[in-house]
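Note that the structure is a prediction, hence the values are computed from the model and not measured.
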Amino acid sequence: MNTITLTPAQIRGLKLAKEGDLFPREGDRWTHLDASVTYAKNDRFRERPQKIKFLTSSTLATLREFGLLRSLDPDGKTQEAAHGITLAGKMWLLKNK
């Protein structure tokens with residue numbers, strides 16, 4: 001059995017997909033549907049916003065080629081359809097945490 005070696009950016013993208021389905025955004029980026037800027041839970045004054053986590057289209061394409069992500073709309077265009085994590089992606093995260 002051959003193992004898949006992922007870069008740190010690909011691992012972050014896979015973990016992001018595990019949290020929820022990914023949708024296309026402007027600027028060749030993918031993130032959750034209602035992603036917004038949040039604040040750290042331990043920041044009393046809410047002064048430091050946390051950036052929206054995202055992954056690029058090239059990272060998404062690589063993860064899709066490995067079979068770790070899949071398009072949720074098999075009839076639609078791959079570039080515009082939402083993507084979700086596959087069982088293989090979940091298993092990879094369990095084995096390689």
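Linking Ile, Leu, Val, Met, Phe, Trp and Tyr residues whenever their side-chain heavy atoms come within less than 4.5 Å places Leu55 and Phe66 in a single cluster. At a threshold of 4.5 Å between side-chain heavy atoms, the hydrophobic network of Ile, Leu, Val, Met, Phe, Trp and Tyr places Leu93 and Leu60 in one connected group. Clustering ILVMFWY residues whenever any of their side-chain heavy atoms sit less than 4.5 angstrom apart, transitively, puts Met91 in a cluster other than the one holding Leu63.
A distance of 10.0 Å separates NE2 of His83 from CZ of Arg70, quoted to the nearest 0.5 Å. Atoms CD1 and CD, from Ile4 and Glu65 in turn, are 11.0 Å apart once rounded to the nearest 0.5 Å.
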In a table with atom names and distances, give each donor-acceptor pair under 3.5 Å that connects a side chain of residues 6-18 to protein atoms at least two apart or in another chain.
residue : atom : partner : partner atom : Å
Thr7    : OG1  : Gln10   : N            : 3.3
Thr7    : OG1  : Gln10   : OE1          : 3.4
Gln10   : OE1  : Thr7    : N            : 2.9

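Members clustered with Phe23: Leu33, by chain and number, using a 4.5 Å side-chain heavy-atom cutoff among hydrophobic residues. Under the 4.5 angstrom side-chain criterion for Ile, Leu, Val, Met, Phe, Trp and Tyr, Leu72 has no cluster partners at all.
The backbone N or O of Gly67 sits less than 3.5 Å from a side-chain atom of Thr86, completing a donor-acceptor pair.
Closest of all the heavy-atom pairs between Ala35 and Ile52 is CB-CG2, 3.6 Å. Closest non-hydrogen pair, Asp21 versus Gly84, comes out as OD1-CA, 3.7 Å.
Residue pairs that meet the side-chain hydrogen bond (donor to acceptor under 3.5 Å, both in side chains) test with at least one member in residues 52-62, sequence neighbours left out, are Asp28-Ser57, Trp30-Ser57, Thr56-Ser58, Thr56-Thr59.
Side chains of His32 and Leu22 form a contact here, defined as non-hydrogen atoms less than 4.5 Å apart.
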